[in-house]
Structures are given as structure tokens and as C-alpha cells.
Amino acid sequence: MNDKIPRTPFSTALSGSARETELRLRHIFSGPRKRPPAPFLALALSAALLCGNLVSCQVVKAEQEVSGLPRPAPSAAPTLLSVQDLKPDLNRNGIPEEVRLENEYGRDEVRFYENGVLLNREVLNEETPSTYLCTLDGTDYVLRWHMEKYQGAFHAYYCLYYLKGESETAAQSNSILFDTNFDAPFHWDFDPEVIAAFWDEVNDLMSHSVRLSAHNGVLTAEQAPPISLDWLDGPSFTRNPAKSLAENLRDLQIAETNSQPAPMGRTDTLPMDQPIQLMFCSGAGAWQSILTLYPDGTFVGDYCDSDGPIKYVCKFHGSFGDFIQLTGASWSLTLEELVLDTERPVGSEWGGRQNGEDVWYVSSQPAGFTDTEGSVLKPGAPFILYAPEARGDAPGTELYGAWDFPSWQPHGRKFQPDGTLGCWGLNSLETGYGFFDFSAWGIQ
């Protein structure tokens, strides 16, 4: 079984949140060539990004049954343990490893040594402040756990792994995406039974785990507490301890659905008196799609990217229709037409020597107007247009809980000091791709 676990954005010490790190890396290194970068929701389809090839959620029994990890009984208050007593055998060779806290690159790391040789490391930072040692049936594992919360949107994952040679090998892993913004147009699925089962799965592993954390340069170990469910309690809901988690989740869904006002009505034109220019591009500006949007909903676009002498290009035009004003600063649009004007089939190449240099062109897809598979959007695809006054700083505002869209801004998920977007924005609801007017990029 080949389950080598690659390092993910969540296990780096790069600046920004885990999610923002992943987006920035994706924008810079995976910008559209023949297709644009995958949207955030692709994370839900592939646990390979999280911790290698997703395998069965049955724990893999190791060849050895050697364990030096203490397994205290669950208690209400975590019990501090002696780090010196931790003697895991993560590589299954019968030799217990030493657990150390070291800071070599300006970041705390839990490191595992065998006879003075470094076997593996786990980074501790703001996003992943702890790592876990888990013992199941006398067999030792590292348990990675991460949950990111953003305005009622949640992404959580775990990966249970052991060492096979120099490789991390996944024994069990899972991930989940959901949000509690039930009336938002960008709302994800919310399945109470699936969420409850995931939490039961994680907390069962936590009950067999020791949590390792850094405090003032000292490594501490304690019985791992259950993962908190404080996100359940909100302004209009308080969980009932007499009910199961799935029942509480269903009650939350009922209590916080239909909490937003109805749309304001249809309009004949978009809310501007002259065309606006919008751009969808990577954080580093390596590739970009420029869109000119007219008040009647028609648009023209131009995508370009360069990789040395190779240039990826696409010219396109189309139109939006079915304008519905949702709030004072947002409008629902439907894609009615999208036409590629490059005059060459997608993927075709042409070019030659120009001004003493070899230049080759590749006909590409219109970045920002593709679906999760990289194919051109079909008529009927939903969009939302936001005015600069659109807000995202409180529940019920236009952008509260929009995970992907605001991350495409040059400054990430940050609003103006008054809580507004501060520029025109166009959100593709199928992918979360975001076009923003030139002022967001400092272009007059």
C-alpha cells in the first residue's frame, strides 16, 4: 500500500491561516495554464491533500504490538503526564522513540528521535498548536487534527499515521466541510448525521490520545480532551445537553434557517451607469483574466498567462441575465451566454520567431469562467455581483461566511475598516472564484 503522506499547507509554518496559505500557494504555483486552479471545495473530494491517499477508515494493525504510551482513563480535566514516559514506536521496529520539543527555524516542532537519529517532526504554530500521540490496540500513531473556522464556515480534518521507513503512512483519515449560514447563496451542505458521525470518530481517537503542546519553550503532555463543540451555540440557539449531537444539529438548522430577508426584486439593468473593469488573478499576478462588465449584463474578457516563451491566452465574451437584487448591495446574476473568441480550439498551439525571440501561444480556457473540473461554464451558472458597500462583518450581511470569494482579493479575507468590501466584486457561486475591480489592485 502506497500511502506516503505529503506535507500539506496545514503542516507548514507559512504566514496566514491554513486556508489562506493553501490559497496563496495555489494562486502562485498552480495558476491556470490550460485550466485555472481548483476551487476550495475540491478539498472535500480528496483527502490526498490532507494526508495522502485516503484509505479505509479501518485502523491498520501494525506488525508489532509494542507500545510505551500511557493510556489514562478519560476525565473531565486533562491530566498532565510526564514527557519522559512517552516512548512511542511509530516505525514498528520495537525500538521506542524519544519525543523532543525543538526550535531550529524559529518555530516549535515536536520531533521524534530513535537512537539520536531524527525520524519525523510535527510543526506547532498558531493554526496547529498541538499534535497527538494515539495508541490503539497497543499500536502507536501520530494523530494530526486541524479545524479552521471562518464566519460560520468550517473545515476539519484528521489523519492517523505511522512511519514506514522514511514515509508517513496513513492508517485512517477523514475530513468534513460544512457551514451554518443556512440562507446564504454560497451555503454548503449541512448533514447533521454526517457531522455527528465525524465528531464521534474524532473524539473516539482523542480518548486514546495524548496531546503534546509547547508552553514557554517546554513540551507538555496531557490526556487529550474532547474536541470542543462551542461553535454550536449561537445568538438564536443553545444546545440541549439531554439531546444527541445529531439532534442538536438538526435543531440548530431549523432555528437558523429563513433568518434573512427576502430578495428585493428583479431589475432590468445592473446597478452602475458605466462599464466596470474587474480582474481575477493570482496573488503574485502571474496570470489574470480581465473582464469588462456593462450595465446591460454583457461582458468581454481576456485571459493571459506566461511561462517563459509560452503564452496561454483566451479571449471571450458573453452576457448575464435574470438580475435579482438580493440586498442593497448585492445582485444575483445568471450566465446566459459564454463564447470563446480565440479562434483556435482549446489546447492548440501556434507561434514562431518574433523580434528575435521564439514565442508560442496556447489556446486556453477563460479563467474565472470554468467549473470545478476546469470546463467552460454552461448557461445557467449562478453569479453574485457585489457593490463596494457590501458588508461581511456580521451574520446576515452579504459576504458573511463566503469562504473562497474574498480570499481572491489581494489582501485576502479582509474587509475595509467599516466592514465593507470596498470595491466591486463578482462571485462565481460554482467555484468561489472572485473578480474584483481595478481599485482593489491599486490600478486607476
Side-chain angles (χ1 to χ4, degrees), residues 1-13 47-72 81-105 107-125 128-146 157-175 201-202 204-214 219-224:
M1 178 174 64
N2 181 17
D3 294 319
K4 184 174 180 180
I5 307 171
R7 286 290 175 180
T8 74
F10 302 109
S11 59
T12 67
L49 177 62
L50 304 177
C51 56
N53 297 331
L54 182 60
V55 296
S56 169
C57 288
Q58 300 296 318
V59 175
V60 176
K61 296 285 184 69
E63 295 82 5
Q64 304 283 343
E65 290 296 326
V66 178
S67 174
L69 281 178
R71 292 178 58 186
L81 306 169
S82 172
V83 174
Q84 287 70 32
D85 291 339
L86 301 177
K87 303 295 182 183
D89 183 22
L90 299 174
N91 62 359
R92 312 291 193 261
N93 67 352
I95 303 174
E97 291 112 21
E98 179 187 0
V99 183
R100 303 180 192 173
L101 176 68
E102 296 184 353
N103 190 311
E104 183 178 353
Y105 306 107
R107 63 190 188 189
D108 287 327
E109 293 183 351
V110 174
R111 295 184 174 183
F112 303 96
Y113 286 86
E114 183 179 282
N115 295 327
V117 177
L118 178 63
L119 297 182
N120 206 40
R121 67 186 73 189
E122 286 288 324
V123 175
L124 303 182
N125 54 37
T128 53
S130 302
T131 194
Y132 301 83
L133 291 176
C134 182
T135 303
L136 297 173
D137 297 326
T139 304
D140 301 331
Y141 304 87
V142 173
L143 173 62
R144 281 192 188 131
W145 160 256
H146 180 82
Y157 85 91
Y158 76 83
C159 180
L160 192 73
Y161 75 84
Y162 61 94
L163 300 179
K164 191 172 184 179
E166 296 181 355
S167 301
E168 297 174 359
T169 300
Q172 183 174 327
S173 58
N174 205 350
S175 65
E201 193 174 305
V202 170
D204 178 65
L205 293 173
M206 289 296 173
S207 70
H208 296 84
S209 299
V210 171
R211 180 170 68 181
L212 303 177
S213 307
L219 183 65
T220 62
E222 61 186 9
Q223 177 197 331

For this session: List in chain and number order the residues that pass side chain to side chain donor-acceptor pair (under 3.5 Å) with Asn103, two or more places apart in sequence or in another chain; answer none if no residue qualifies.
Result: Asp108

Exercise. With Leu90, which of Leu119, Val99, Thr139, Val142 fulfils side chain to side chain contact (heavy atoms under 4.5 Å, CB included)?
Worked result: Val142

For this session: Using side chain to side chain donor-acceptor pair (under 3.5 Å) as the criterion, list what pairs up with Glu98, not counting sequence neighbours.
Result: Arg100

Exercise. Given Leu86 and Leu212, is the side-chain contact (heavy atoms from CB on, under 4.5 Å) satisfied, shown in steps?
Worked result: CA-CA 10 Å; Leu86 301 177; Leu212 303 177; 3.5 Å; yes

Seminar exercise, completed: Scanning both residues in full, the closest heavy-atom pair of Leu205 with Ser209 reads O-OG, 2.6 Å

Exercise. Step by step, would you call Leu163 with Glu168 a side-chain contact (heavy atoms from CB on, under 4.5 Å)?
Worked result: CA-CA 5 Å; Leu163 300 179; Glu168 297 174 359; 4.0 Å; yes

Problem set entry | Test item: Asn120 side-chain N/O and Phe112 main-chain N/O as donor-acceptor pair under 3.5 Å | no

For this session: Return the set of residues passing salt bridge (Lys or Arg N to Asp or Glu O under 4.0 Å) with Glu109 (not counting sequence neighbours), or none when no residue passes.
Result: Arg107, Arg111, Arg121

For this session: Any chance you could measure Thr169, atom OG1, to Lys164, atom NZ, to the nearest 0.5 Å?
Result: 6.0 Å

Exercise. When rounded to the nearest 0.5 angstrom, what is the spacing between NE2 in His208 and CD in Gln223?
Worked result: 11.0 Å

For this session: For Thr128 and His146, work out which heavy atoms get closest and say how close.
Result: CG2-ND1, 3.5 Å

For this session: Starting at OG of Ser173, measure out to CG of Leu160 and round the result to the nearest 0.5 Å.
Result: 9.0 Å

For this session: May I ask you to check whether Thr220 and Ser213 show a side-chain donor-acceptor distance below 3.5 Å?
Result: no

Exercise. Should Leu101 and Leu124 count as side-chain neighbours, where that means a heavy-atom distance under 4.5 Å?
Worked result: yes

For this session: Apply the test side-chain contact (heavy atoms from CB on, under 4.5 Å) to residues Leu143 and Leu133: give CA-CA distance (whole Å), side-chain angles for both, the deciding distance (0.1 Å), then the verdict.
Result: CA-CA 6 Å; Leu143 173 62; Leu133 291 176; over 6 Å; no

Exercise. Which pair of non-hydrogen atoms, one from Trp145 and one from Tyr132, has the smallest distance, and what is that distance?
Worked result: CB-CE1, 4.1 Å

Problem set entry | Under 3.5 Å side-chain donor-acceptor pair for Gln172 and Tyr141 | no

For this session: Scan side-chain atoms only and decide if Asn93 and Glu114 contain a donor-acceptor pair under the 3.5 Å cut-off.
Result: yes

Exercise. Are Lys87 and Asp140 close enough, and set up right, to give a side-chain contact (heavy atoms from CB on, under 4.5 Å), and what steps lead you there?
Worked result: CA-CA 9 Å; Lys87 303 295 182 183; Asp140 301 331; over 6 Å; no

